[in-house]
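Report on the following structure.
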Amino acid sequence: MATNNEAWGSRVGLILAMAGNAVGLGNFLRFPMQAVQNGGGAFIIPYLICFLLMGIPLLFVEWTTGRFGGQFGHHTTPFAFHKMDNRWIWKYIGVFGIFSNLSIAAYYCYIESWTLSYTMHSAIGTFNGLSQHGVADFFTNYLDISTTTTGIPYEAVVFYVFCLAINVWILSKGLSGGVEKAAKIMMPLLILFGIFLAVRGITLKAGHEGALFDGVVGLNFLWTPQYDSLLNPKVWLAAAGQIFFTLSLGQGSVQCYASYVKKKDDIVLNSMSAGWMNEFVEVVLGSAIIIPIAIGYFGLDKVVELTQLGGLGLGFRVMPFLFEQWGPILSVLAGVSFFGLLFFAGITSSLAMGTPCMSFLMDEFKWRRGSAAAAFGVAVLVLGLPTVLFFQEGVFDEYDYWAGTVSLVVFAMLEIILFSWVFGLKKGWAELTAGADIRIPNVYKFILKYVTPLMLIAVFFGSAIRPVNDDWSKISFRGWQLHHESILGQMLHNNVGPNHKYFTQAFYSERSGVVDSVYTLRNRNYVRVSDTAAAVKASSDFEFKAKNQLVVKPGDYVKKGDVLFTGSVVNKVFFVDISRFLLTLIFVLIGATVYFAYRKRLRENRI
């Protein structure tokens, strides 16, 4: 039996660890993509408003909730929420604070392992001499776990397990001896690498090293305000979503870290310091790396097109090629710096995800630190392997959507209601300001009580009913077509298309167009359908097995829903629903564990 007597070693360590929790892969990969896709300067104004009206208030709420729960020995949200209001529902809402961390870590550590692998490949010169397509194919090959880029069998799996082992080792050293020490080393290095790349990006000159435009063209695009964006719901939803993602809000990790803060220690200045450090890294450094460099080499229109690959695609398929334009020495330094800072950003966040899971086991079942860390590692491995093995089938995307997006919004919406309306703003404000080193403007009482809850409710319902093509003028009482990324659209499988059955004897084309080619790549067979009538040529590649029989040939025109090949087929929707079942099962199992922990506390008179 062990007692959870963890504590922070220093204030600087706490702030760096909290900032490390917030500063993650999204600061450098997701933020540039969101900014480019939403009009650059058109995105920044809603983003900053959301930070002030949603981000800072939620930081106040989560730091306060954490420190309040920690006074009673509750270092995770189920029993911290129960202490704020003892009605049964709140401790089960608090399950989100463990579920989200475990489920996000399952796929987040996989991306983290890519950055570790790419740091090594950058250092040994793997990308030297590769064309843009060669770099993109390298990433495709890496994700195909049956191939190897180093001679190591199942390379992606090996790096994933190795990355998990590093996380478990650091977590086993404890809060001050592991997490805090890691943050004190990694956060300064991250900022140092970021400044080097940002300066290099901004000083990029047209006509030098293959660049077509100056690097400042990208910054001008980002920082030229467009006030008409204030009326665009799509941009507001994107901005609000980025605030959740970048500050690690609605996740439970902030509350866990804050629960180890002493009762009279400041949380106002600490929370503001961590929050603004994250904004510096994201808005100043994050915007000055990918956007200036990519626009400098490709131009704005091409970069907008490339962002359709997502931030991960831009970061891993494109950036190594651009770094290679800088010569053999500088390309190595840039590659190691870029993927090194991504690794540091990723691991400081995944360590924060592991801490609530460990704290729950240590608080409720008296597990030792090493055992709790090992249990977290095993759970992440078991839950995460489907995202590795079936990445192309959409398991990764499902985890990210439901655990890494929707659950964060739901949890944040409910916790602000608990804090401001159930626990009560008067008590909440007193708890927040106890021991504060700075004074909070009184306007934040009104914001916490009304503005932030209403904004979160609007974000949730806006995400639920988002219309196709983000055309909000189509919303009416007569009904409207849902966007495939809306919550309801996802639940109804609006993005599945004609292949909506789990198992069939035929595969149907998911787009109209001409059969462009039939080809074999890495011992896998594909048929490509291209929509040549579109303004921008769009293609889809569909994999078929050797046992399948093609019924089309190059040059044939097919409509969406026409048969491409016959034979036994397992469709993507099967893996989608299995992913959702796994996530639901994890939530239920954690909920059941919370119930048993509650009964245990009742027996021991510790409630």
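Keep in mind it's a predicted model, so treat the numbers as computed, not measured.
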Note to self: Any non-hydrogen side-chain atom of Val594 less than 4.5 Å from a side-chain atom of Phe360?
What the structure shows: yes
Notebook entry, point to check: Quick one: salt bridge (Lys or Arg N to Asp or Glu O under 4.0 Å) pairs with a partner in residues 214-223, sequence neighbours left out?
Noted result: none
Check: Looking at Phe423, is Lys427 sitting on its ring face, NZ or CZ under 6.0 Å from the six-membered ring centre and within 45 degrees of the normal?
Finding: yes
Next item on the list: Could you tell me how the ring of Trp114 sits relative to the ring of Phe396: parallel (under 30°), tilted (30 to 60°) or perpendicular (over 60°)?
Entry: parallel
Next item on the list: Return the minimal non-hydrogen interatomic distance between Val459 and Ala240, and the atom names on each side.
Entry: CG2-CB, 3.7 Å
Next item on the list: Kindly state whether the ring of Tyr257 and the ring of Trp63 have centres lying under 6.0 angstrom apart.
Entry: no
Check: Does Ile44 reach the side chain of Leu222, with side-chain heavy atoms less than 4.5 Å apart?
Finding: yes
Check: So do the side chains of Trp367 and Met358 get within less than 4.5 Å of each other, counting heavy atoms only?
Finding: no
Note to self: Using the ring-ring contact (aromatic ring centres under 6.0 Å, His included) criterion, which residues pair with Phe343? Sequence neighbours excluded.
What the structure shows: none
Notebook entry, point to check: So Phe419 and Phe60, ring pair (Phe, Tyr, Trp, His ring centres under 6.0 Å) or not? Walk me through it.
Noted result: CA-CA 10 Å; Phe419 182 87; Phe60 288 160; 9.4 Å; no
Next item on the list: Name all residues meeting the ring-ring contact (aromatic ring centres under 6.0 Å, His included) criterion together with Tyr47; count only those two or more places apart in sequence or in a different chain, and write none if there are none.
Entry: Phe31, Phe43
Margin query: Holding to ring-ring contact (aromatic ring centres under 6.0 Å, His included), I want the full list of residues that pass it with Trp429, two or more places apart in sequence or in another chain.
Written below: none
Check: Would you say Phe376 and Leu361 make side-chain contact, with heavy atoms under 4.5 Å?
Finding: no
Notebook entry, point to check: Restricting to pairs with a member in residues 46-61, which pass salt bridge (Lys or Arg N to Asp or Glu O under 4.0 Å), not counting sequence neighbours?
Noted result: none
Item checked: Residue pair Gln255 / Glu415, side-chain donor-acceptor N/O under 3.5 Å -> yes
Check: Is the ring centre of Trp88 less than 6.0 Å from the ring centre of Tyr595?
Finding: no
Margin query: Within this structure, what is the CH2-CD1 distance for the pair Trp472 and Ile465, rounded to the nearest 0.5 Å?
Written below: 5.0 Å
Next item on the list: Name all residues meeting the side chain to side chain donor-acceptor pair (under 3.5 Å) criterion together with Lys234; count only those two or more places apart in sequence or in a different chain, and write none if there are none.
Entry: Asn38
Margin query: Assess the residue pair Ser113 and Tyr110 against the criterion (side-chain contact (heavy atoms from CB on, under 4.5 Å)); give the C-alpha distance rounded to whole Å, side-chain angles, the decisive distance to 0.1 Å, and a yes or no.
Written below: CA-CA 5 Å; Ser113 71; Tyr110 186 36; 3.6 Å; yes
Notebook entry, point to check: side chain to side chain donor-acceptor pair (under 3.5 Å) with Ser10: which residues, sequence neighbours excluded?
Noted result: Glu180, Lys184
Margin query: Classify the ring geometry of His75 against Tyr260: parallel below 30°, tilted from 30° to 60°, perpendicular beyond 60°.
Written below: parallel
Note to self: Enumerate the ring-ring contact (aromatic ring centres under 6.0 Å, His included) contacts for residues 163-202, please, sequence neighbours excluded, ordered by first and then second residue.
What the structure shows: none
Next item on the list: Return the minimal non-hydrogen interatomic distance between Ile586 and Ser103, and the atom names on each side.
Entry: CG2-OG, 4.3 Å
Next item on the list: Show the numbers, then the answer: is there a side-chain contact (heavy atoms from CB on, under 4.5 Å) between Phe344 and Met187?
Entry: CA-CA 7 Å; Phe344 293 150; Met187 289 303 295; over 6 Å; no
Next item on the list: Mind running side-chain contact (heavy atoms from CB on, under 4.5 Å) on Ile290 and Leu29 for me, showing each step along the way?
Entry: CA-CA 8 Å; Ile290 286 185; Leu29 298 177; 3.9 Å; yes
Note to self: Does Asp266 form a salt bridge (charged side-chain N to carboxylate O under 4.0 Å, His left out) with Arg11? I'd like the steps, not just the answer.
What the structure shows: CA-CA 10 Å; Asp266 165 84; Arg11 184 172 188 168; 3.1 Å; yes
Item checked: Asn86: partners by side-chain contact (heavy atoms from CB on, under 4.5 Å), with sequence neighbours left out -> His82
Notebook entry, point to check: For Tyr444, what residues pass the side chain to side chain donor-acceptor pair (under 3.5 Å) criterion, not counting sequence neighbours?
Noted result: none
Note to self: Any salt bridge linking Lys600 with Glu364? Criterion: basic side-chain nitrogen under 4.0 Å from a carboxylate oxygen.
What the structure shows: no
Margin query: For Lys181, is the NZ atom crowded, meaning more than 12 foreign heavy atoms sit under 6.0 Å from it?
Written below: no
Checklist line | side chain to side chain donor-acceptor pair (under 3.5 Å) partners for Ser253, two or more places apart | finding: Asn21
Notebook entry, point to check: Is there a side-chain contact between Phe51 and Leu247, using heavy atoms and a 4.5 Å cut-off?
Noted result: yes
Check: Does Phe72 have Lys83 sitting over its ring (NZ/CZ under 6.0 Å from centre, angle to axis within 45°)?
Finding: yes
Note to self: Once salt bridge (Lys or Arg N to Asp or Glu O under 4.0 Å) is applied, do any residues pair with Asp400, and if so which ones, sequence neighbours excluded?
What the structure shows: none
Item checked: Between CG on residue Leu456 and CG on residue Leu414, distance to nearest 0.5 Å -> 9.5 Å
Next item on the list: Please say which of Phe99, Phe244, Phe81 ends up in a ring-ring contact (aromatic ring centres under 6.0 Å, His included) with Phe411.
Entry: Phe81
Item checked: Verdict with reasoning, Val409 to Ser463, per side-chain contact (heavy atoms from CB on, under 4.5 Å) -> CA-CA 10 Å; Val409 177; Ser463 301; 5.6 Å; no
